[in-house]
Amino acid sequence: QVQLVESGGGLVEPGGSLKLSCTGSGFTLDAYNIGWFRQAPGKEREGISCIRSSDGRRYYADSVEGRFTISRDDSKNTVYLQMDRLMPEDTAIYYCTTTYPCLIGPVVGGPNIGSWGQGTRVTVSS
């Protein structure tokens, strides 16, 4: 059974940090591009970061560039999203999935995107 499970969300004050995890079972994550997506209340689901399998290239949305870092730990079959200097507008449910090619911005036709899990909720509030 192929599964991706997100974890690490929670409540954090503005300026704080969280580290999200995306752990796979039933397949090896390093063979696939893995993207992080988020959906804020009243907004479209959007790709905010992606790490490419072929060369490890990392992509970021302008809204998170310089604050978020995507990485892999192959020994744990996990992709991480380190989120620093969080802002209230980062509040959303965060999802990870396979995607080909990597997608940044609103989810649109074209890329081959895997199935969505339950996600992990991030709330940035004082």
Side-chain angles (χ1 to χ4, degrees):
Q1 183 176 352
V2 175
Q3 291 184 334
L4 285 172
V5 178
E6 304 95 340
S7 63
L11 174 64
V12 64
E13 293 186 349
S17 297
L18 286 172
K19 188 173 185 178
L20 307 184
S21 297
C22 174
T23 299
S25 63
F27 72 110
T28 302
L29 268 65
D30 65 4
Y32 301 88
N33 306 330
I34 303 296
W36 281 100
F37 300 76
R38 70 183 182 187
Q39 188 162 24
K43 296 185 178 180
E44 297 179 333
R45 189 172 299 185
E46 61 175 344
I48 58 166
S49 188
C50 188
I51 185 166
R52 196 160 68 181
S53 174
S54 60
D55 59 2
R57 184 171 179 177
R58 293 159 168 82
Y59 300 85
Y60 300 96
D62 184 66
S63 58
V64 307
E65 179 74 49
R67 299 188 298 118
F68 291 10
T69 304
I70 189 170
S71 63
R72 290 184 187 266
D73 185 340
D74 292 341
S75 69
K76 297 181 179 179
N77 205 32
T78 297
V79 172
Y80 300 100
L81 186 68
Q82 177 68 46
M83 307 187 297
D84 297 318
R85 301 187 299 282
L86 285 160
M87 301 183 293
E89 48 264 49
D90 295 317
T91 295
I93 300 176
Y94 286 71
Y95 305 86
C96 66
T97 191
T98 60
T99 176
Y100 184 83
C102 276
L103 173 64
I104 300 296
V107 175
V108 297
N112 185 1
I113 301 175
S115 61
W116 304 107
Q118 293 183 341
T120 186
R121 184 183 299 273
V122 172
T123 302
V124 184
S125 176
S126 60

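It should be emphasised that the depicted structure is a prediction, and the values quoted were computed from it without experimental measurement. When a residue number appears, it is its place in the shown sequence, counting from 1.
- In plain terms, the two heavy atoms of Pro14 and Ser125 that are nearest each other are CD-C, 3.6 Å.
- Counted by atom type alone, Thr120 and Ser7 present zero donor-acceptor pairs between their side chains at under 3.5 Å.
- Looking only at side-chain heavy atoms (C-beta outward), Thr99 and Ile34 stay at 4.5 Å or farther from each other.
- Hydrophobic clustering (side-chain heavy atoms under 4.5 Å, transitive across Ile, Leu, Val, Met, Phe, Trp, Tyr) keeps Val5 apart from Tyr80.
- Contact annotation: the side chain of Arg38 approaches that of Glu46 to within less than 4.5 Å [non-hydrogen atoms, C-beta and beyond].
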Could you check Arg58 against Cys102 for side chain to side chain contact (heavy atoms under 4.5 Å, CB included), going step by step and ending with a plain yes or no? CA-CA 9 Å; Arg58 293 159 168 82; Cys102 276; over 6 Å; no
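- Nearest heavy atoms, Arg67 versus Leu86: NH1-CA, 3.8 Å.
- The one candidate from Thr78, Asn77, Ile51 that meets the side chain to side chain contact (heavy atoms under 4.5 Å, CB included) condition with Arg72 is Ile51.
- Between Val79 and Cys96 the shortest side-chain heavy-atom distance does not fall below 4.5 Å.
- Using a 4.5 Å heavy-atom threshold, the side chains of Tyr60 and Ile70 count as touching.
- Around atom CG of Asp74, more than 12 heavy atoms belonging to other residues, nucleotides or ligands sit under 6.0 Å away.
- Under a hydrophobic-cluster definition in which Ile, Leu, Val, Met, Phe, Trp and Tyr are linked whenever side-chain heavy atoms come within less than 4.5 Å, directly or via other members, Tyr95 and Ile104 are assigned to different clusters.
- Under the 4.5 Å side-chain heavy-atom criterion for Ile, Leu, Val, Met, Phe, Trp and Tyr, Val12 and Tyr94 are members of the same hydrophobic cluster.
- Nearest heavy-atom pair across Ser17 and Asp84 is OG-OD1, 2.8 Å.
- The two atoms that bring Val107 and Leu103 nearest to each other are CA-CD2, 3.8 Å, heavy atoms only.
- Using a distance-only test at 3.5 Å, with no hydrogens or angles considered, no donor-acceptor pair links the side chain of Arg57 to the main chain of Arg52.
- Looking at Ser53 and Asn33, their side chains never bring a donor and an acceptor atom within 3.5 Å of each other.
- Trp36 has its ring centre no less than 6.0 Å from the ring centre of Phe68.
- Residues satisfying the salt bridge (charged side-chain N to carboxylate O under 4.0 Å, His left out) test with Arg45, not counting sequence neighbours, are none.
- With contacts defined as side-chain heavy-atom distances shorter than 4.5 Å, the pair Leu4/Leu29 qualifies.
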